[in-house]
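Following: one structure in structure tokens, then a few remarks.
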Amino acid sequence: MASLAMIGLIGSSRPLPLQITTVVHETVVSSDSSSASALSLEGQRPNPVDFTPEELQELQRRFGVHGPQPELAQLLTRGLDQLTPLRAHTFQRLEHLQPIILRESKQQGVNPMLVAAVLFDELQRAKPGEDLPIAAQSGLFKTHGPAQLSVGELVHQGLLRPDASEAEMVAAREKLLDPESNVALLVGKFARLSTDLGFPTDNLLEASASPRDAKALATLAYLHNGKLDYPARILSYMQDPALHALIYSTYRPTIWPVI
């Protein structure tokens, strides 16, 4: 099982890096691309979404994450993935965000496929009407925008005072509703967490590059959503050929020859 070394972290008053170590074990490829086992190659390869009890305890202490969503909710999530019209609509929305994803990811050294996968998941499961300003300001929703971020992320990134006034809170929610600002904040969140966790920041984390990178990406996905079943879903989306094409393809108009 892949693990994060937690020695020396307990009781620390400042963020220290989580050192990723791996222990190779047998894994079996599953036909269900959303399952955890589908994320590992057949043979000797650690599963990046396996977290030890010690890791979970430390992540809970530092970031407040928790267990998986109920089985019924997981079943509904898998059902949504099979709805072709919903998937097509989500891709249309992502297409408008593609330039922002690439620009912000390049500036902050974050894998754009991680950003795209999280946005795909959040957009596909968005609640009707939650992106309306009146709904956001009503207090009915705690997270806003394409990436479903809270005003707390603005505080973490130094863009909002912890003791913000009501007027500042209104402006913060409006910022979260702006798609471009929201995507930039999501990329900033992954950059911030990578620094806090001591992950490499001089090169992109690639799930296919090494088990350490795959585990780091799984950890970042886990910390975004806080549900233990979330990393497997995000890493499977990162391998989606259609999502890859949407993010990296360049569209060029067809120029017909003059006759």
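Residue indices begin at 1 and follow the sequence shown.
- Checked against a 6.0 Å centroid threshold, the rings of Y222 and F63 do not count as neighbours.
- Not one N or O on the side chain of E95 forms a donor-acceptor pair closer than 3.5 Å with the backbone of L246.
- Minimum heavy-atom separation, P112 to Y248: CG-OH, 3.2 Å.
- L204 and L186 are assigned to two separate hydrophobic clusters, defined by single-linkage of ILVMFWY side chains at heavy-atom distances under 4.5 Å.
- The nearest pair of heavy atoms linking A209 to D213 is CB-OD2, 3.9 Å.
- Look at K189 and D196 and you find no salt bridge, because none of the NZ, NE, NH1 or NH2 atoms lies under 4.0 Å from a carboxylate O.
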Could you please spell out the steps behind the salt bridge (Lys or Arg N to Asp or Glu O under 4.0 Å) verdict for D240 and R87? CA-CA 12 Å; D240 189 319; R87 176 181 168 89; 2.9 Å; yes

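- The CD1 atom of I234 sits 12.0 Å away from the CD atom of Q239 when rounded to the nearest 0.5 Å.
- Both M238 and L102 belong to a single network of hydrophobic side chains, linked directly or stepwise wherever heavy atoms of I, L, V, M, F, W or Y lie under 4.5 Å apart.
- Y237 is listed as a side-chain neighbour of Q124, based on a closest heavy-atom distance under 4.5 Å.
- Residues M113 and E206 are not in side-chain contact: their nearest non-hydrogen atoms beyond the backbone lie 4.5 Å or more apart.
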Please test L149 against H144 for side-chain contact (heavy atoms from CB on, under 4.5 Å), starting from the C-alpha separation and ending with a verdict. CA-CA 5 Å; L149 298 173; H144 313 284; over 6 Å; no

Evaluate the salt bridge (Lys or Arg N to Asp or Glu O under 4.0 Å) criterion for residues E180 and R103: first the C-alpha distance (whole Å), next the side-chain angles of each, then the deciding distance (0.1 Å), finally the verdict. CA-CA 11 Å; E180 184 167 350; R103 183 191 70 215; 2.8 Å; yes

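- Cluster membership for M169 and L154, using ILVMFWY side-chain heavy atoms within less than 4.5 angstrom, is shared.
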Set out, in order, the CA-CA distance, both residues' side-chain angles and the distance that settles salt bridge (Lys or Arg N to Asp or Glu O under 4.0 Å) for R161 and D163, then state yes or no. CA-CA 5 Å; R161 296 184 296 113; D163 58 343; 2.8 Å; yes

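- Of all heavy-atom pairs between L176 and P146, the closest is O-CD, 4.4 Å.
- Tested against Y230 for a side chain to side chain contact (heavy atoms under 4.5 Å, CB included), the candidates V118, V49, L223 yield a single pass: V118.
- Cation-pi geometry between K215 and F199 is not met at under 6.0 angstrom from the ring centre and within 45 degrees of the axis.
- Counting all heavy atoms, side chain and backbone alike, P179 lies closest to L97 at CB-CD2, 3.8 Å.
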Check step by step if side-chain contact (heavy atoms from CB on, under 4.5 Å) holds for F91 and L243. CA-CA 8 Å; F91 267 76; L243 197 57; 4.2 Å; yes

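- In this structure a side-chain-to-backbone donor-acceptor pair under 3.5 Å is missing from D121 to R233.
- Just one of E153, Q108, Q157 meets the side-chain hydrogen bond (donor to acceptor under 3.5 Å, both in side chains) condition when paired with R192; it is E153.
- E55 is not listed as a side-chain neighbour of T219, based on a closest heavy-atom distance of 4.5 Å or more.
- Once rounded to the nearest 0.5 Å, the distance linking OG of S150 with NE2 of H156 reads 7.0 Å.
- Residues A221 and P231 come closest through the heavy atom pair CB-CA, 4.0 Å.
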L205 and V110: side-chain contact (heavy atoms from CB on, under 4.5 Å), yes or no, with the steps? CA-CA 7 Å; L205 296 171; V110 173; over 6 Å; no

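- Across S105 and I101, no two heavy atoms sit closer than the pair OG-O, 2.7 Å.
- In this structure, the side chain of S181 does not engage the main chain of L177 through any donor-acceptor pair within 3.5 Å.
- Cluster annotation: V155 is connected to L193 through the hydrophobic network of ILVMFWY side chains, with a link wherever side-chain heavy atoms come within less than 4.5 Å.
- Side-chain polar atoms of H224 and E122 form a donor-acceptor pair below 3.5 angstrom.
- Once rounded to the nearest 0.5 Å, the distance linking CG of D178 with CG of N182 reads 8.0 Å.
- Proximity of L217 to P48: side-chain heavy atoms (C-beta onward) are nowhere separated by under 4.5 Å.
- Rounding to the nearest 0.5 Å gives a distance of 6.0 Å between CG of L94 and CD1 of I247.
- Taking CG of L132 as the reference point, atom CG of L140 lies at 11.5 Å (rounded to 0.5 Å).
- Taking hydrophobic clusters as Ile, Leu, Val, Met, Phe, Trp and Tyr residues chained together by side-chain heavy-atom distances below 4.5 Å, L159 shares a cluster with V187.
- Remark: L197 CG to R62 CZ distance equals 5.5 Å, nearest 0.5 Å.
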